[in-house]
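The structure presented is a predicted model; accordingly, all values stated were derived computationally and were not measured.
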Amino acid sequence: MIDKRIVLEIVEKEIADTDLFVVEVTVSTSNAISVMIDSMEGVPISTCIELSRAIEKNFDRDAEDFELQVASAGIGQPFQVIQQYHKNIGKEVEVLTTEGVKHKGNLITVGENEIEIEVEEKVKVEGKKKKQVVVNTYSFAFDQIKSTKDIITF
């Protein structure tokens, strides 16, 4: 079986002088290798192809057969590394807490241990008939977050 650490070392060496970062590397028991990468500007298909070829040349198919997939992080997929949070500052995200509560808002800051989002909410203001839109800021420690996804609006 191909070692995940070896694949990760190869990928990190190949992307060392670029703005790319590793989101996830998995290797199944049947040697199906999956590499997910991202960057602050997105990842063109040509970059995935180049990285796939660079990884493939490090392994001998005659010695050990494998399947290889290199892809960019998908839209609407949960964030897996802190760089994805930084990439989405100023954008709308959905945070699902460990208690199962969803919060949708703009990601405004990313710290070492927490994030902050601004959420527009309609609340009843005393003395007013209609609900008023109020912007609230919520902080979430990373250990309180079950998942965070970017929200795409058209």
Can you tell me how far CD of E92 sits from CD of E120, rounded to the nearest 0.5 angstrom?
9.0 Å

K124 atom NZ, neighbour heavy-atom count above 12 within 6.0 Å:
yes

Residue pairs involving residues 8-29 (criterion side chain to side chain donor-acceptor pair (under 3.5 Å); sequence neighbours excluded):
S28-S30

Flag yes if more than 12 heavy atoms outside Q144 fall under 6.0 Å of its CD atom; otherwise flag no.
yes

Restricting to salt bridge (Lys or Arg N to Asp or Glu O under 4.0 Å), what partner residues turn up for R61, sequence neighbours left out?
E56, D65

Once rounded to the nearest 0.5 Å, what's the spacing between atom CG of L51 and atom CG of L68?
8.0 Å

Determine, step by step, whether D38 and V43 satisfy the side chain to side chain contact (heavy atoms under 4.5 Å, CB included) criterion, reporting the C-alpha distance in whole Å, the side-chain angles of both residues, the deciding distance to 0.1 Å, and the verdict.
CA-CA 6 Å; D38 205 350; V43 181; 4.2 Å; yes

Any salt bridge linking K91 with D150? Criterion: basic side-chain nitrogen under 4.0 Å from a carboxylate oxygen.
no

Is there a side-chain contact between L96 and E94, using heavy atoms and a 4.5 Å cut-off?
no

Atom pair SG/CD of C48 and Q69 - distance to nearest 0.5 Å
9.5 Å

I'd like to know whether NZ of K87 has more than 12 heavy-atom contacts from other residues, nucleotides or ligands below 6.0 angstrom.
yes

For S147 versus P78, what's the shortest heavy-atom pair and its separation?
CB-CB, 4.1 Å

When rounded to the nearest 0.5 Å, the distance separating OG1 of T97 from CG of D143 is 11.5 Å

Using the rule that two of Ile, Leu, Val, Met, Phe, Trp, Tyr join whenever any of their side-chain heavy atoms come within less than 4.5 Å, decide whether L8 and I37 are in one cluster.
yes

Transitively linked via ILVMFWY side-chain contacts under 4.5 Å: V22 with I10?
yes

Is a side-chain donor-acceptor pair under 3.5 Å present for S139 with E116?
yes

Any idea which heavy atoms bring L20 and S39 closest together, and the distance?
CD2-CB, 3.8 Å

Please list all pairs meeting ring pair (Phe, Tyr, Trp, His ring centres under 6.0 Å) that have one or both residues in residues 26-56, counting only residues at least two apart or in different chains.
none

Ring pair (Phe, Tyr, Trp, His ring centres under 6.0 Å) partners of residues 17-51, not counting sequence neighbours, each pair once
none

Heavy-atom side-chain contact between I55 and V11 under 4.5 Å:
yes

Which residues end up grouped with F140 if you chain together Ile, Leu, Val, Met, Phe, Trp and Tyr wherever their side-chain heavy atoms are less than 4.5 Å apart?
F79, I82, Y85, I89, V93, V95, L107, V110, I115, I117, V119, Y138, F142, I145

Does I45 CD1 have over 12 foreign heavy atoms under 6.0 Å away?
no

Does either side chain, that of E118 or that of N106, offer a donor lying less than 3.5 Å from an acceptor on the other one?
no

Residues which pass side-chain contact (heavy atoms from CB on, under 4.5 Å) with I2, listed by chain and number, not counting sequence neighbours:
V7, V27, N31, I33, F59, E64, F66

Which pair of heavy atoms, one from Q80 and one from Q84, lies closest together, and at what distance?
N-OE1, 2.6 Å

